[in-house]
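Right, one structure below, let's go through it.
In this text, all values refer to a predicted model and were calculated from it rather than measured experimentally. Sequence positions, counted from 1, serve as the residue numbers for this chain.
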Amino acid sequence: MDQTLKKLCDDLCARGVPLWRVGMFVRTLHPDYFGYAWVWRHGADVLVQQGRHSFRTSDEYLTIPILLIYKTGQPIRQRLTESPGPDELPFFGDLRAEGDYLAVPLAFTDGSLHGISWSTKAPGGFTDAQLAALQWITRPLARLAETHTLRHTAGNILDTYVGNNAGARILAGQIRRGDADEIRAAIWLSDMRGYTNLSDRLAPQAIVRVLNDYFDCQVPTILEHGGEVLKFMGDGLLAIFPIAADDSNIDEVCRRVLAAARATCSNVDALNAAEGKDLAQELRFGLALHVGEVLYGNIGGAGRLDFTCIGPAVNLVARLEKVAAQLGRAVIASAEFAQHCRSEMAELGEFSVAGFAAAQTAYGLRDEQT
């Protein structure tokens, strides 16, 4: 959308409309942001900004003209060369040098209102013909903005609920039941210790807050280290870190996974230091790591699918997580994973796990205190 806005503004300037600054504001669906702003200035690239939900309660937001457009659906014209009136918004004080200001609603076909503002430094401001042209052009611009926003919103929602990689696959058309690829990956499965006891003692909303804080200890660091969070299962989390088909990057991927595991341990320690007293118990967790082939794609019933991964490798990592609980370990890994991080892993012994005929050798961090 930034290149579309830049070309539009540059073309209008080339045709004699003396634009100085243009701002387009579109609301969206996103867990962290309520909307986006694209700001064009004469002779500069378009600046793209995101508005966090917390911004909606700020004094700055509550006094911007675009908010009036959201409420009334009417254009706003302000000649900034004239003396300020008693009801002038503080916002306009910072734009006095820009001369003339016009804000127009962008009406989407679903009835929602968004906005665009145009300003000029030209002596005398915009002419009547220029004002009419700017108001006319908002109609086709609203259709372009809506098309962009719909696709962007779909991407936001898919990224939020199924993950970036899975979301991209779904948007690309991988939506039929059974559409799945066999991929090689490092698998991450974690579980909170003592969750049942905690949920019995705390109010439901308090549990939601604890879970969100706990998952914040993991999700950002998983993403930062190249992982894909596939699903939350109550207090459990499943993620994968894709590996090249020829295993050419397997050592590097496993090192990243282990770095993410260590960062998660540090984050949980910090969370306990900040909130442990309020919970009357320390938050503890177990994490199992494994490397193997998984089937990654659409699985489910007719009309209701889940984009996830399945296979013996996923089953094994789930069983190893139970071994971590049995040993009181925070991080445990399979032999297949540990061989790529030998200097940091120590053998813990062989364990019988449900569903597997052979005993499985488990490894833990050499420096983990138990």
Side-chain angles (χ1 to χ4, degrees), residues 1-28 30 32-56 58-70 75-82 84 88-108 113-153 155-156:
M1 195 67 218
D2 50 335
Q3 292 305 310
T4 300
L5 183 63
K6 178 174 173 53
K7 184 172 187 343
L8 171 64
C9 294
D10 290 346
D11 287 352
L12 285 170
C13 288
R15 286 163 175 75
V17 181
L19 296 173
W20 175 251
R21 188 182 68 88
V22 176
M24 187 166 71
F25 312 92
V26 175
R27 293 180 282 185
T28 189
H30 192 283
D32 300 319
Y33 309 105
F34 76 93
Y36 295 87
W38 293 264
V39 181
W40 173 92
R41 286 185 173 83
H42 193 273
D45 290 332
V46 172
L47 176 66
V48 182
Q49 299 173 316
Q50 299 168 317
R52 289 192 168 274
H53 288 291
S54 58
F55 179 63
R56 299 174 71 178
S58 68
D59 291 340
E60 181 181 357
Y61 176 77
L62 295 174
T63 58
I64 59 174
I66 291 296
L67 188 59
L68 291 178
I69 283 182
Y70 294 162
I76 297 172
R77 172 82 184 285
Q78 185 79 14
R79 287 187 175 277
L80 300 173
T81 54
E82 300 173 354
E88 181 178 278
L89 295 173
F91 173 87
F92 290 120
D94 298 330
L95 299 181
R96 284 269 149 209
E98 297 189 14
D100 201 356
Y101 175 93
L102 172 70
V104 182
L106 292 173
F108 285 8
L113 291 177
H114 310 267
I116 187 166
S117 66
W118 317 83
S119 65
T120 181
K121 284 186 172 183
F126 293 119
T127 66
D128 290 343
Q130 290 165 352
L131 289 170
L134 293 176
Q135 294 204 53
W136 180 89
I137 209 166
T138 58
R139 302 187 190 106
L141 182 59
R143 299 289 77 74
L144 285 173
E146 183 170 14
T147 300
H148 169 85
T149 300
L150 285 172
R151 185 169 181 86
H152 196 69
T153 298
N156 286 342

Rounded to the nearest 0.5 Å, what separation is found between the OH atom of Y33 and the OG1 atom of T28?
-> 12.0 Å

What residues form a side chain to side chain donor-acceptor pair (under 3.5 Å) with H114, not counting sequence neighbours?
-> S112

Taking only residues two or more places apart in sequence, or in another chain, which ones meet A132 in a side-chain contact (heavy atoms from CB on, under 4.5 Å)?
-> none

Does H53 NE2 have over 12 foreign heavy atoms under 6.0 Å away?
-> yes

Residues in salt bridge (charged side-chain N to carboxylate O under 4.0 Å, His left out) contact with R143, at least two apart in sequence or another chain | E146

Non-hydrogen atoms of L106 and G115 that approach each other most closely | CD1-O, 3.8 Å

Under the side-chain contact (heavy atoms from CB on, under 4.5 Å) rule, collect the residues that match up with D11, sequence neighbours excluded.
-> K7, R15

Without swapping roles, check the side chain of Q130 against the backbone of G16 for a donor-acceptor pair under 3.5 Å.
-> yes

Nearest heavy-atom approach of C13 to L19 is SG-CB, 3.9 Å

Quick one: list whatever passes ring-ring contact (aromatic ring centres under 6.0 Å, His included) with Y70, sequence neighbours left out.
-> none

Output for pair (L141 CG, L5 CG), nearest 0.5 Å, gives 7.0 Å

Residues that D10 engages under salt bridge (charged side-chain N to carboxylate O under 4.0 Å, His left out), provided they are two or more places apart | K6

Rounded to the nearest 0.5 Å, the CZ atom of R41 sits from the CH2 atom of W20 at a distance of 9.0 Å

Spacing of K121 atom NZ and H42 atom NE2 [to the nearest 0.5 Å] = 10.5 Å

In Å and rounded to the nearest 0.5 Å, what is the CD1 to OG distance from I76 to S117?
-> 9.5 Å

For residues I137 and L8, determine if any side-chain heavy atom of one lies less than 4.5 Å from a side-chain heavy atom of the other.
-> yes

Residues that A107 engages under side-chain contact (heavy atoms from CB on, under 4.5 Å), provided they are two or more places apart = L113

Can you name the side chain to side chain donor-acceptor pair (under 3.5 Å) partners of Q135, sequence neighbours left out?
-> none

Can you tell me if S119 uses its side chain to pair, donor with acceptor, with the backbone of R21 under 3.5 Å?
-> yes

Atom pair CG (L12) and CG (L134), whose distance is rounded to the nearest 0.5 Å = 6.5 Å

Mind jotting down which residue pairs meet the ring-ring contact (aromatic ring centres under 6.0 Å, His included) criterion with at least one end in residues 118-150? Sequence neighbours excluded, please.
-> W38-H148, H148-H152

With T149 via side-chain contact (heavy atoms from CB on, under 4.5 Å) - residues at least two apart = V26, F108, T153

